Amino acid sequence: MTTNHTAVITGAAAERGIGQATAQAYAKAGWSVVILDLDGDAAANVADGLGREFSISALGAQVDVSDEASVAEASAVIEAAVEDGRIPPVGALANIAGITSPVPFLDTTLEQWNRVMAVNATGTYLMTRALLPAMLELGYGRIVNMSSVSAQRGGGVFGKVPYSSAKAAVLGFTKALARELADSGVTVNAVAPGAVDTNIRVGSTDAQEQAIVDAIPLGRTATPEEVADVIVFLSSDAASYLQGTTIDINGGSHLH
Ligand SMILES: NC(=O)c1ccc[n+]([C@@H]2O[C@H](COP(=O)([O-])OP(=O)(O)OC[C@H]3O[C@@H](n4cnc5c(N)ncnc54)[C@H](O)[C@@H]3O)[C@@H](O)[C@H]2O)c1
């Protein structure tokens, strides 16, 4: 099933990011890919590189997942590319774009709260709402949402209250939509990574990074590829009976 479909990955342009690693893992598994990111030039470059390396169709475009008009524009670009045969129909959506915030609760402004909720939670909603109708028409789809261990244990890695709240919203969204879509052919699942070795924790000190590692039984942070492979698995035919589930990828740092 996979090689006849396109995977759309949001937040997929950052160097060392989970999104880019996920796009690469999809491409390696034979999927065509659409790379979406706030940074449209970087998205186009990543798409070019993957298209060449894996001989797949690949398209890059700019999007702000928190902005309804921007999401509509990006999905129109995707729809046009499917219609004129530049890419196969969209069979998977990985909602990976996200931002964090390490600000303590009473110092958090409403603007910071709104931005973290907008990118992580509303972005997941808007992208899913835009791409789901075509998946339902196709009778096949895999939606994988990015949560975090932060949602499950109340922070404790880097992001604080707004981040935990937004990532918990992603889990509720995943379960409720999975239930609603039931046996439509579209599955909706989530991943909840612990600390991953990316640039998202900008500004964290060596001491903070050491404290994060000390709390992980495996004794190290995850590589972006270790998260990417699980997302691609959730998008595969082998995951056909997983509906509304969350896969923890946290090195044993949170067990439940
Ligand atoms: N790194 C970790 O430790 C970790 C752990 C758990 C969950 N996560 C989640 O994984 C996802 C990816 O994180 P990462 O560590 O690769 O981060 P990253 O900062 O390396 O990459 C995030 C990407 O999202 C893009 N982006 C940000 N806002 C956007 C918007 N409004 N619209 C479109 N694109 C946008 C950025 O340009 C960037 O390319 C995030 O949702 C993050 O919360 C990360």
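No experiment lies behind these values; they were computed from the predicted model shown. Just follow the structure's listing: the first ligand is 1, and inside any ligand the first atom is 1. Nothing fancy with the numbering, it's 1 onward along the sequence.
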Side-chain H-bond candidate by donor/acceptor type, Ser150 with Ser164, under 3.5 Å: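 Note: Ser150 and Ser164 side chains meet the donor-acceptor criterion.
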For Asn4 and Tyr140, which I'm curious about, is there any donor-acceptor pair between the side chains at under 3.5 Å?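 The answer is no; no qualifying pair exists.
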Where ligand 1 meets Ile96 - atom numbers and elements under 4.0 angstrom, heavy-atom basis: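 Those of ligand 1 that fall under 4.0 Å from Ile96 are 11 (C), 12 (C), 40 (C), 41 (O).
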List ligand 1 atoms under 4.0 Å from Ala195, heavy atoms only on the residue side.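 That gives atoms 3 (O) of ligand 1.
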Name the closest protein heavy atom to [atom], giving the residue it belongs to and the distance to 0.1 Å.
{"atom": "atom 32 (N) of ligand 1", "answer": "Val65 N, 3.0 Å"}
{"atom": "atom 44 (C) of ligand 1", "answer": "Ile18 CD1, 3.7 Å"}
{"atom": "atom 34 (N) of ligand 1", "answer": "Leu38 N, 3.3 Å"}
{"atom": "atom 33 (C) of ligand 1", "answer": "Val63 O, 3.2 Å"}
{"atom": "atom 10 (O) of ligand 1", "answer": "Met146 CG, 3.3 Å"}
{"atom": "atom 14 (P) of ligand 1", "answer": "Thr198 OG1, 3.6 Å"}
{"atom": "atom 3 (O) of ligand 1", "answer": "Val196 N, 2.7 Å"}
{"atom": "atom 37 (O) of ligand 1", "answer": "Asp37 OD1, 2.6 Å"}

State whether [X] and [Y] are salt-bridged, where the test is any N-O pair (Lys NZ or Arg NE/NH1/NH2 against Asp/Glu carboxylate O) under 4.0 Å.
{"X": "Glu68", "Y": "Arg129", "value": "yes"}
{"X": "Arg220", "Y": "Glu226", "value": "yes"}
{"X": "Arg115", "Y": "Asp64", "value": "yes"}

Please confirm whether [X] comes within less than 3.5 Å of ligand 1 when only nitrogen or oxygen atoms on both sides are compared.
{"X": "Lys167", "answer": "yes"}
{"X": "Ala14", "answer": "yes"}
{"X": "Gly19", "answer": "no"}

Determine, considering heavy atoms only, which of [options] sits nearest to [atom].
{"atom": "atom 22 (C) of ligand 1", "options": "Gly98, Ala43, Ala42", "value": "Gly98"}
{"atom": "atom 35 (C) of ligand 1", "options": "Gly40, Ser70, Ala97", "value": "Ala97"}
{"atom": "atom 5 (C) of ligand 1", "options": "Ala12, Ala118, Gly194, Ala166", "value": "Gly194"}

Parallel, tilted or perpendicular: which describes the rings of Trp31 and Tyr26, with under 30° parallel and over 60° perpendicular?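 Perpendicular: the ring planes of Trp31 and Tyr26 meet at over 60°.
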For ligand 1, is there an atom lying under 4.0 Å from some heavy atom of [X]?
{"X": "Asp64", "answer": "yes"}
{"X": "Arg115", "answer": "yes"}
{"X": "Tyr163", "answer": "yes"}

Matching residue for Arg16 among Asn199, Thr223, Thr198 - test: side chain to side chain donor-acceptor pair (under 3.5 Å):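 It is Asn199, the one option of Asn199, Thr223, Thr198 that forms the side chain to side chain donor-acceptor pair (under 3.5 Å) with Arg16.
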